[in-house]
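No hydrogens, no waters, no symmetry mates; every other heavy atom, side chains included, goes into these values. We number each residue from 1, following the sequence as shown.
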Amino acid sequence: MNQRSARIRLAAVAVLALGGAMLSASPAHAADIVTNPGFEDGLTGWSCSASSGAAAVSSPVHGGSKALQATPAGSDTARCQQTVAVKPSSSYSLSGWVRGGYVFLGVSGTGTTDTSTWASSPSAYTQLTRTFTTGPSTRTVTVYVNGWYGQGAYQADDVVLDGPPGEGQVPPAPTGLTGTGNVTTATLKWNAVQGATGYSVYRNGTKVATATGTSYSENPQPGTYGYQVTASNAAGESVKSATVSVTVGNDQPPPPPAPTGLTGTAGGLNVALKWNASAGATGYNVYRAGTKIATVTGTSHTDTTPAAGTYAYHVKAFHQTGVESGGSNTVTVRTSGEPPAGDRLLVGYLHASFANGSGYVRMADVPDEWDFINLAFGEPTSVTSGDIRFRQCPAAECPNVESEADFIAAIKAKQARGKKVLISIGGQNGQVQLTTAAARDTFVESVSAIIDKYGLDGLDIDFEGHSLYLDNGDTSLSSPTTPVIVNLIAALKTLKAKYGAKFVLTMAPETFFVQLGYQFYGPGPNGAADRRAASYLPVIHAMRNDLTLLHVQDYNSGPIKGLDDQFHTMGTHDFHVAMTDMLLAGFPIMGNAGNVFPPLRQEQVAIGLPAAPWAGNGFTTVAEVQKAFDCLAKGTNCGPYKPKGVYPNLRGLMTWSINWDKYNGFEFSRNHRAYLDGLG
């Protein structure tokens with residue numbers, strides 16, 4: 001959400017203007033600790049992805065006689081990276097000159113908050129800069145440059161990491177890892193790593209042992225496990241090796257008993273299914289007309305049928321081995337094309353804690369067109385504290401801000417008119433990483449305090465940046481293992497249980513964290529992809545039965561591949577149709593038909609948009625937005641992209657923001673309110 005966007009954009013223009021006038025072709029730097037920063041020695045010191053075609057070229061260059069050139073291909077972003085020895089608890093400045101359609105510069109492994117930035121400069125070099133501080137135990141970081149999916153070649157030159165040099169160099173990851181299992185024992189072997197003084201063994205992402213040799217055995221409980229190994233020396237620990245799967249135990253427990261008591265209730269095109277738990281079951285597969293349509297861990301599921309008609313359902317239970325039970329009783333349900341009760345929704349964010357050039361809007365002055373009002377933002381006291389605080393905009397920044405008593409009274413007045421008022425957590429500047437159980441519990445406690453103080457209806461999750469990510473080996477949509485994911489899910493379930501059925505839960509992820517999952521999911525099988533890719537998916541999936549509304553931000557996005565395997569670019573009705581269709585039709589994660597993100601219910605989905613050209617990249621005109629809604633909800637006015645179905649119950653529109661809408665003469669709310677009301 002482009003928090004303080006107008007002020008930041010004006011400052012950025014001023015800085016770029018000064019940069020163009022003052023920076024020379026060969027930048028001076030105090031202590032560049034990158035090896036071969038200008039690629040004068042080819043790719044020495046750098047490691048590039050296999051299909052990138054990376055090479056040192058003599059033109060175009062920024063400084064010296066050579067520069068890096070690499071080309072994204074298919075699902076490869078053409079990343080080139082270098083691990084650099086650093087000192088703990090030290091400040092560093094990373095910069096580099098880049099040229100191309102979408103080019104990224106970043107650093108990972110900082111031990112604090114990893115950071116990256118990007119530029120689109122196809123015809124000239126432009127400089128990217130980031131600063132960071134290493135953690136107290138950090139001895140190496142990895143700096144990288146890469147392009148973007150579906151884009152052409154990019155160039156990079158004069159990569160500078162200024163700061164105190166570290167001591168030594170971490171070894172590379174072990175290779176050749178193999179594993180075997182028998183009735184009681186898992187045995188691992190790997191190749192020796194030059195310069196390593198020891199190795200660490202990880203089971204399902206958790207460190208379980210250290211070794212000085214190149215083999216290890218243990219006796220875990222029966223089951224199948226993913227093992228990885230790292231190498232270490234005085235400089236630090238390598239990245240993890242490739243994962244090897246090992247199965248221990250021959251004794252296959254019998255399948256759980258078949259579920260009983262299956263019932264189904266229709267509401268429009270939706271069917272709400274419920275059944276009794278099966279002893280020993282770890283999950284359930286739901287079948288419609290004999291075809292598996294969903295896998296869940298609870299004892300309920302809501303299915304959105306493709307069209308009005310009669311459908312037969314049954315459910316099977318399974319345990320940790322994946323062996324299914326027999327089928328439950330079969331229920332037959334008839335659906336209709338009538339939408340469920342409830343109006344189409346307009347959701348808007350209110351700049352309640354800051355001003356950014358669009359003007360402060362008092363709660364009492366929020367126009368009646370808005371159904372959900374999300375207070376932006378609650379932010380943490382630190383990235384990993386979990387302690388969320390909210391304050392009204394200071395009078396020095398917002399001269400017309402109301403008193404706290406008037407603010408609370410206005411919230412109650414909106415609720416009396418049927419409006420929902422939520423606290424939105426995160427935003428562009430509010431990084432939230434629930435890395436520990438303590439942070440999880442603090443999050444629940446502090447968010448509850450905000451909800452109770454202001455009498456709010458619920459919570460909006462707007463985690464951006466580096467708040468969510470997936471660890472290497474965390475590939476299960478329904479059983480994630482990364483702490484920031486697991487703890488967020490647990491916190492949301494606790495809040496839902498505390499406030500009950502009245503609790504409103506919405507989410508506003510960016511396309512990078514959701515639809516990009518069609519191509520990438522976390523670090524990927526080789527660990528080279530951005531580990532934030534599609535990291536919202538396990539959270540959405542875990543909360544799908546409690547999620548009121550998902551409104552993905554269809555803006556501030558790079559090109560995204562749709563279900564037609566074509567890249568779609570923001571700002572047109574086709575982009576919104578393609579991105580929304582993925583949520584309502586479901587999609588195979590990383591193209592794997594055996595690992596599918598199931599479709600959400602139609603009434604759970606709204607389209608997220610900027611309210612004005614100044615509110616975010618990818619502004620879409622009123623006419624184009626309504627063409628997209630026509631295509632999705634009525635099957636008319638479609639462009640090149642043809643959705644997998646017609647979704648008459650698509651719930652509405654979300655925008656950033658109410659303030660920017662007022663600044664733009666209420667174009668968004670007045671036009672789209674009238675349009676949505678006209679749909680019925």
With the threshold set at 4.0 Å, does a side-chain nitrogen-carboxylate oxygen contact exist between [X] and [Y]?
X    : Y    : result
K420 : D371 : no
D471 : R531 : yes
K453 : E404 : yes

Rounded to the nearest 0.5 Å, how far apart are [atom1] of [X] and [atom2] of [Y]?
X    : Y    : atom1 : atom2 : result
L609 : M570 : CG    : CE    : 12.5 Å
I373 : K419 : CD1   : NZ    : 7.5 Å
N374 : L422 : CG    : CG    : 4.5 Å
E603 : R651 : CD    : CZ    : 7.0 Å
K87  : T140 : NZ    : OG1   : 15.0 Å
I451 : I423 : CD1   : CD1   : 8.5 Å

Would you say the side-chain atoms of [X] pair up with the backbone N or O of [Y], donor to acceptor, closer than 3.5 Å?
X    : Y    : result
Q392 : E402 : yes
T506 : L550 : no
N487 : L434 : yes
R130 : G106 : no
D474 : L470 : no
Q553 : A508 : yes
R601 : N545 : no
D462 : S424 : no
S91  : T133 : no
S120 : Y102 : no

Just grab all the disulfide bond (SG atoms under 2.5 Å apart) pairs involving residues 428-497, residues at least two apart or on different chains.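 Applying disulfide bond (SG atoms under 2.5 Å apart) to every pair that reaches into residues 428-497, excluding sequence neighbours, yields nothing.
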
Output every pair passing disulfide bond (SG atoms under 2.5 Å apart) with a member in residues 385-466, not counting sequence neighbours, ordered by first then second residue.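 Applying disulfide bond (SG atoms under 2.5 Å apart) to every pair that reaches into residues 385-466, excluding sequence neighbours, yields C393-C398.
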
Quick check: do [X] and [Y] have side-chain heavy atoms less than 4.5 Å from each other?
X    : Y    : answer
F372 : V421 : no
Y521 : L537 : yes
D677 : R344 : no
M507 : L547 : yes
L495 : F443 : yes
Y92  : T110 : no

Intermediate values then yes/no, side chain to side chain donor-acceptor pair (under 3.5 Å), N429 and E379: CA-CA 8 Å; N429 297 336; E379 298 182 348; 5.1 Å; no

Ignoring hydrogens, what is the shortest heavy-atom contact between [X] and [Y]? Give both atom names and the distance.
X    : Y    : result
Q433 : H466 : NE2-O, 2.6 Å
L477 : P598 : CD2-CD, 4.1 Å
S446 : D387 : CB-OD1, 3.6 Å
P480 : V486 : O-CG2, 3.3 Å
M363 : A410 : CG-CB, 3.4 Å
L632 : H576 : CD1-O, 4.2 Å

Count the heavy atoms belonging to other residues, nucleotides or ligands that lie under 6.0 Å from [atom1] of [X], then report whether that count exceeds 12.
X    : atom1 : result
F503 : CZ    : yes
K498 : NZ    : yes
R139 : CZ    : no

Under the side chain to side chain donor-acceptor pair (under 3.5 Å) rule, what do D661 and S669 come out as? Steps first, then yes or no, please. CA-CA 7 Å; D661 183 48; S669 58; 2.6 Å; yes

After noting the C-alpha distance and the side-chain angles of L600 and R544, does the key distance pass the side chain to side chain contact (heavy atoms under 4.5 Å, CB included) rule? CA-CA 7 Å; L600 293 169; R544 63 173 53 240; 3.7 Å; yes

Please step through side chain to side chain donor-acceptor pair (under 3.5 Å) for the pair S557 and T511, ending with a clear verdict. CA-CA 6 Å; S557 170; T511 57; 2.7 Å; yes

Between W660 and H351, what is the ring plane arrangement, given parallel below 30°, perpendicular above 60°, and tilted in between?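 Answer is perpendicular, since the angle exceeds 60°.
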
Is a side-chain donor-acceptor pair under 3.5 Å present for Y349 with D460?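 Y349 and D460 do have a side-chain donor-acceptor pair below 3.5 Å.
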
Pair F668, V622 - check side chain to side chain contact (heavy atoms under 4.5 Å, CB included), show working. CA-CA 7 Å; F668 187 99; V622 168; over 6 Å; no

Please step through ring-ring contact (aromatic ring centres under 6.0 Å, His included) for the pair F520 and Y149, ending with a clear verdict. CA-CA 11 Å; F520 299 93; Y149 318 112; 4.2 Å; yes

[X]-[Y] aromatic ring centre distance below 6.0 Å:
X    : Y    : value
F597 : Y518 : no
Y454 : F407 : yes
F513 : F463 : no

Passing candidate, side-chain contact (heavy atoms from CB on, under 4.5 Å) with V107, options T142, V143, L161: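 Between V107 and the candidates, side-chain contact (heavy atoms from CB on, under 4.5 Å) is satisfied uniquely by V143.
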
Using the side-chain contact (heavy atoms from CB on, under 4.5 Å) definition, which of the options N356, V361, V366, N664 pairs with N659?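 When N356, V361, V366, N664 are each tested with N659, the side-chain contact (heavy atoms from CB on, under 4.5 Å) holds only for V361.
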
Please assess F377 against W656 for the test ring-ring contact (aromatic ring centres under 6.0 Å, His included), listing each intermediate value before the final yes or no. CA-CA 12 Å; F377 290 101; W656 177 260; 5.7 Å; yes

Stepwise side chain to side chain contact (heavy atoms under 4.5 Å, CB included) test for D452 and Y499: CA-CA 10 Å; D452 294 342; Y499 291 103; 2.9 Å; yes

Looking at residues at least two apart in the chain, or sitting in another chain, which of them share a ring-ring contact (aromatic ring centres under 6.0 Å, His included) with Y469?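 Per chain and number, Y469 pairs via ring-ring contact (aromatic ring centres under 6.0 Å, His included) with no residue.
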
